[in-house]
Amino acid sequence: MTQLWWNSWRTSAQAQTFTDTDWLFLIDTALMHHTMWAKGRWEFASEVRLRAAKFGATPEDRARLKLKVDDPTTRQQAPAQRPDNVSDINSRRARLTGTDG
């Protein structure tokens, strides 16, 4: 069950916005989830539910968070835009290797 739970988070539309600390928080939550299912420690259920709610697990959670999740299968790809303060990888590589690209 925890593998299924983890895979659902890993492939969720909102996962594209998760930071490293979000994933670490979810790993801790996955351990609780595993303990709950593997050992019948159902006292972890409310904590798992609260933690999952922080990431918009249910439609109600997403509404409360004012989180709009697009379906990635129907969304058109927007052209990649780079912030002004980030150089592209080819420029960086050329500076480091002393080549023109």
Any salt bridge (Lys or Arg N to Asp or Glu O under 4.0 Å) involving residues 54-63? Give me the pairs, sequence neighbours left out, ordered by first then second residue.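 Residue pairs passing salt bridge (Lys or Arg N to Asp or Glu O under 4.0 Å), neighbours aside: D61-R64.
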Tell me if a side-chain donor or acceptor on Q14 pairs with a main-chain N or O of G56 at a distance below 3.5 Å.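 Yes; at least one donor-acceptor contact below 3.5 Å.
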Could you list the residues that satisfy side-chain contact (heavy atoms from CB on, under 4.5 Å) with [X], not counting sequence neighbours?
X: W5; answer: W9, L26, T29, A30, H33
X: R41; answer: T35, K39, E43, F44
X: A45; answer: M36
X: A15; answer: S12, F18, W23

Set of residues satisfying side-chain hydrogen bond (donor to acceptor under 3.5 Å, both in side chains) with respect to N7, sequence neighbours excluded: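 With neighbours one apart ignored, the set is R10.
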Mind checking side-chain hydrogen bond (donor to acceptor under 3.5 Å, both in side chains) for T19 and listing every partner two or more places apart, or none if nothing turns up?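 Partners of T19 by the side-chain hydrogen bond (donor to acceptor under 3.5 Å, both in side chains) criterion, ordered by chain and then number, come out as T21, D22.
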Quick check: is V48 connected to W42 through a chain of hydrophobic side chains (ILVMFWY, heavy atoms under 4.5 Å apart)?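 W42 clusters together with V48.
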With a 4.5 Å cut-off on side-chain heavy-atom distances among I, L, V, M, F, W and Y, is there a chain of contacts connecting W6 to M1?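 W6 does not cluster with M1.
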Atom CH2 of W37: over 12 foreign heavy atoms under 6.0 Å: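 It does not: W37 CH2 has 12 such atoms or fewer within range.
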In the hydrophobic clustering that connects Ile, Leu, Val, Met, Phe, Trp and Tyr at side-chain heavy-atom distances below 4.5 Å, which members other than L50 occupy its cluster, ordered by chain and number?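 Traced through the cluster, L50 reaches no other member.
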